[in-house]
There are 2 protein chains.
Amino acid sequence: MTQQDKTNRASWKQNPEAVQANILAVATEEFAEHGLAGARMDEIAARTRTSKRMIYYYFTDKETLYQRVLENAYRKVRMEEAALELASLSPPDALRRLVEFTFDHHCANEVFIRLVMIENIHKAKHLSGSELIAHVNASAIDSLAQICDRGRAKGSLRADISPLELHWQISALCFFNVSNRFTFGKNFGPELFEASGQQRLRTIIADTILTFMTATATD
Amino acid sequence: MTQQDKTNRASWKQNPEAVQANILAVATEEFAEHGLAGARMDEIAARTRTSKRMIYYYFTDKETLYQRVLENAYRKVRMEEAALELASLSPPDALRRLVEFTFDHHCANEVFIRLVMIENIHKAKHLSGSELIAHVNASAIDSLAQICDRGRAKGSLRADISPLELHWQISALCFFNVSNRFTFGKNFGPELFEASGQQRLRTIIADTILTFMTATATD
DNA sequence: ATAATTATGTACCAGACAGTTAAATCTTGA
DNA sequence: TCAAGATTTAACTGTCTGGTACATAATTAT
């Protein structure tokens, strides 16, 4: 090693958090794009401002990195969702707003949707039951439960559907809209996924949920 | 092909069709389980009654094999769906029956669902617009269109939702039920995916679609 | 029969890829 | 200032994996 070599090296500031955040951001894109098996550590490293060594330094191995990516994605998305304020609206209005918000939010977070799809392929093996995740998930159901409770009290929403079941329905419709647009579009045409089709689906989904939840129970 | 040929063929020790079918069956399981990148050609070969050499002999390479698996899966599933007979039922009854059939069918074909998920991760790049696939897809919409037409004539189903939009909704609810059970179950508990929960979801989905389609248009 | 064609099995390879080594450079704190 | 620890780089390793070369058997055509 010569003197020349040493001076060629640029000087740097230590910034562990930024390095880790950078790795996580790049890895998120890469895993969302190619899946766990399809993603390449070399490719992630190349697109990072740091080196492959540092990925292993901070994240141990590929699977751990993937796990951290997944956890991080869930945290960010659930936080955003929890920020929605619904208490001031009437139960039906709050429900419609929640559905439309969920629709828009899923559309705007394809990366997250893809990570969830990928994790389902892996049978949710890597999805930790972390304290934080469990908490934000519970609060998602909770805010729906509040709408349901208020609706039941007023008689404006049917009471025989649990908040969990309602959440499941909303998720299904909004998730599928993003997750399956490629095969659905190729099989049945792209209309539904162009701007006007999406507008219509958004309304149809909200109407479907609202019509169902404001109907009287049949039994 | 002569009589002689046929009898000879029946007694052949070599059996290309069976070999190909065997490869395709094993590959279907393997790709559905691990995805395109995650599946291992050596593993597929090992579980086959033949050798790796034969996979490449008949299917050229991994991607082509995957494509054939996908095409095959679509063909089989769509054929089954098309066998459903609905003309004798009233439009609402036919619709309910179709929804429940779709729900059951998706539940019983997790391998297919997983292949579709995987293909969506690949942005439907490998999904051919083959003559046959296009035809059975069109006929799926067609049978719904017939229900819708009859319902409109009788006034028993609303007319402002297209068969395509209706199909989209039914697909979304039934597909998500299988595709996302792992992450949903881990996040919100397994109740909905146990026997009684599934029974309830099945009814809820059908009720949701029926309630929506028998409601009068709001505008 | 026998050449031509189709089908099959064995052994192997070249490149890819996750993960590592070792040393150098930088920061921090006493 | 300087030792100790943190951070970074480049080259390396061993294994995995998609794909193939070569040999051979089964079947058909002449």
Side-chain angles (χ1 to χ4, degrees), chain A residues 1-24 26-27 30-31 33-69 118 122 125-126, chain B residues 1-31 33-69 118 122 126:
Chain A
M1 167 81 45
T2 69
Q3 206 57 275
Q4 188 61 28
D5 288 334
K6 287 176 187 171
T7 49
N8 276 347
R9 264 186 129 121
S11 83
W12 40 267
K13 278 187 180 167
Q14 289 189 359
N15 196 344
E17 282 95 16
V19 169
Q20 289 177 61
N22 180 228
I23 292 172
L24 215 50
V26 172
E30 196 71 8
F31 282 125
E33 189 67 21
H34 303 291
L36 173 52
R40 297 286 159 248
M41 294 300 278
D42 283 330
E43 179 64 22
I44 295 174
R47 292 175 49 188
T48 292
R49 263 180 253 107
T50 182
S51 65
K52 192 160 79 156
R53 180 67 185 83
M54 292 314 290
I55 301 177
Y56 288 96
Y57 182 72
Y58 286 122
F59 297 94
T60 309
D61 59 16
K62 193 186 191 184
E63 204 152 339
T64 305
L65 176 59
Y66 169 77
Q67 212 154 357
R68 293 284 302 274
V69 161
I118 289 163
H122 294 290
K125 187 173 87 175
H126 314 86
Chain B
M1 175 157 303
T2 68
Q3 202 63 281
Q4 189 60 26
D5 286 336
K6 283 176 186 168
T7 46
N8 278 349
R9 205 170 180 86
S11 66
W12 270 5
K13 255 198 161 178
Q14 292 186 356
N15 197 344
E17 284 93 14
V19 170
Q20 288 177 64
N22 180 227
I23 292 171
L24 214 51
V26 172
T28 299
E29 299 248 325
E30 196 70 9
F31 281 125
E33 190 66 22
H34 303 291
L36 172 51
R40 296 287 159 247
M41 295 300 279
D42 283 331
E43 180 64 23
I44 294 174
R47 292 176 50 189
T48 293
R49 264 179 255 106
T50 182
S51 66
K52 193 160 76 153
R53 175 70 184 79
M54 295 312 293
I55 301 176
Y56 287 95
Y57 182 70
Y58 285 121
F59 297 94
T60 310
D61 59 16
K62 194 187 193 186
E63 203 152 338
T64 305
L65 175 60
Y66 169 78
Q67 209 153 357
R68 293 282 303 273
V69 161
I118 290 163
H122 294 290
H126 314 86

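The figures that follow rest on heavy atoms only: side chains count, while hydrogens, waters and symmetry mates do not. So that the names make sense, note that chain A is the first sequence line, chain B the second, and so on, each numbered from 1.
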K.L.:
To the nearest angstrom, how far is B:K62 atom NZ from D:dT20 atom P?
P.N.:
14 Å
K.L.:
Would you classify B:A39 as touching base, sugar-phosphate or nothing, given that sugar-phosphate means primed atoms plus P, OP1 and OP2, and contacts are heavy atoms under 4.0 Å?
P.N.:
sugar-phosphate
K.L.:
Could you report the tightest heavy-atom contact between A:S51 and A:A45, atom names first, then the distance?
P.N.:
C-CB, 4.3 Å
K.L.:
Should we say atom CZ of A:R49 is surrounded by more than 12 heavy atoms from elsewhere, each under 6.0 Å from it?
P.N.:
no
K.L.:
Specify the separation, in whole Å, of atom CZ of A:R53 and atom C1' of D:dA11.
P.N.:
13 Å
K.L.:
In whole angstroms, how far is the P atom of D:dT7 from the CD1 atom of A:I23?
P.N.:
11 Å
K.L.:
What I want to find out is whether B:R47 reaches B:E30 closely enough, with some N-O distance under 4.0 Å, to be called a salt bridge.
P.N.:
yes
K.L.:
In whole angstrom, give the distance that lies between atom CZ of B:R40 and atom C1' of D:dT15.
P.N.:
12 Å
K.L.:
Rounding to a whole Å, what distance do you find between A:M54:CE and D:dA10:C1'?
P.N.:
15 Å
K.L.:
At 4.0 Å (heavy atoms only), tell me whether A:Y58 reaches a base, stays on the sugar-phosphate, or touches nothing.
P.N.:
sugar-phosphate
K.L.:
Using modelled atom types and a 3.5 Å cut-off, is there a donor and acceptor pairing between side-chain atoms of A:K52 and backbone atoms of A:M41?
P.N.:
no
K.L.:
In whole angstrom, give the distance that lies between atom NZ of B:K52 and atom C1' of D:dC22.
P.N.:
16 Å
K.L.:
Just N and O in the side chain of A:S51: are any of them under 4.0 Å from OP1 or OP2 of D:dT8?
P.N.:
no
K.L.:
So what does B:Y57 touch, heavy atoms closer than 4.0 Å: a base, only the sugar-phosphate, or nothing?
P.N.:
base
K.L.:
Roughly how many Å is it from CE in A:M41 to P in C:dT20, rounded to a whole number?
P.N.:
10 Å
K.L.:
Report the residue (B:D42 or B:V19) whose heavy-atom-nearest nucleotide on DNA chain C is the more 5′ of the two.
P.N.:
B:V19
K.L.:
Are the side chains of A:L65 and A:Y56 in touch, meaning some heavy atoms are under 4.5 Å apart?
P.N.:
no
K.L.:
Please give, in whole Å, the distance from C:dA18 C1' to A:L36 CG?
P.N.:
12 Å
K.L.:
Return no unless some side-chain N or O of B:T50 is found under 4.0 Å from OP1 or OP2 of C:dG9.
P.N.:
yes
